[in-house]
Amino acid sequence: MAMIIQTVDGVVSNKFEIKQSALKFGRTSDNQIQIDDLAVSNEHAQVTLEKNSQGETIYFLEDLGSTNGSFINEIKIEKKQLHHKDTLRIGWNMFTFIDENEVNLEKTSEIKKSWIPGVYFTK
């Protein structure tokens, strides 16, 4: 399952699950993610789904000809593939793309005690 998480000052304020159709960002009420911000166009951007040659779902952020542009990791885009934990900016609003299928499970870190009392570290 993939979703877009809206953050305000680093705190999650909204979650939007990406279904089988496009998820649109914009200022008007006909968008799934409505943003009341004059820096956002009426129909600003959308997240679309496509299948790759292996049959896996891949996600793209596509700008819909907005006035101020759409950004992934602070790079202005026209259409670009999204990856887990990418940061999206629409106007002055921040979102994070979460794709549970792309999560790379890392090895658990081992905590070690240093020679200094009360100080611990990981390698």
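In this structure, K51 and T57 have side chains that are in contact, with non-hydrogen atoms separated by less than 4.5 Å. Contact check for Q32 versus F16: no side-chain heavy atoms found under the 4.5 Å cut-off. Residues K79 and L61 fail the side-chain proximity criterion, which asks for heavy atoms closer than 4.5 Å. Put simply, the side chain of I72 does not reach to within 4.5 Å of the side chain of T87, judged on heavy atoms. Taking the side chain as every heavy atom from C-beta outward, D37 and W92 approach each other to under 4.5 Å. Residues F25 and N31 have side chains not in contact (no heavy-atom distance under 4.5 Å, counting atoms from C-beta outward).
In this structure, the separation between CD on E56 and CD on E50 is 13.5 Å, given to the nearest 0.5 Å. Distance check: L23 CG to F97 CZ gives 10.5 Å after rounding to the nearest 0.5 Å. To the nearest 0.5 angstrom, E43 atom CD is 11.5 Å from S66 atom OG. Interatomic distance, CG of L64 versus CG of N42, reported as 11.5 Å (0.5 Å rounding).
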Checklist entry - Yes or no on side-chain hydrogen bond (donor to acceptor under 3.5 Å, both in side chains) for K85 and T96, after CA distance, side-chain angles and deciding distance? => result CA-CA 6 Å; K85 291 191 176 180; T96 303; over 6 Å; no
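A salt bridge links E74 to R89: at least one charged side-chain nitrogen sits closer than 4.0 Å to a carboxylate oxygen. Look at K19 and E17 and you find a salt bridge, because one of the NZ, NE, NH1 or NH2 atoms lies within 4.0 Å of a carboxylate O, short of that distance.
Neither side chain, S70 nor K76, offers a donor N or O lying under 3.5 Å from an acceptor on the other.
In this structure, the side chain of S41 engages the main chain of T67 through a donor-acceptor pair within 3.5 Å.
Taking each heavy atom of I5 and I98 in turn, the nearest pair found is CD1-CG1, 3.5 Å.
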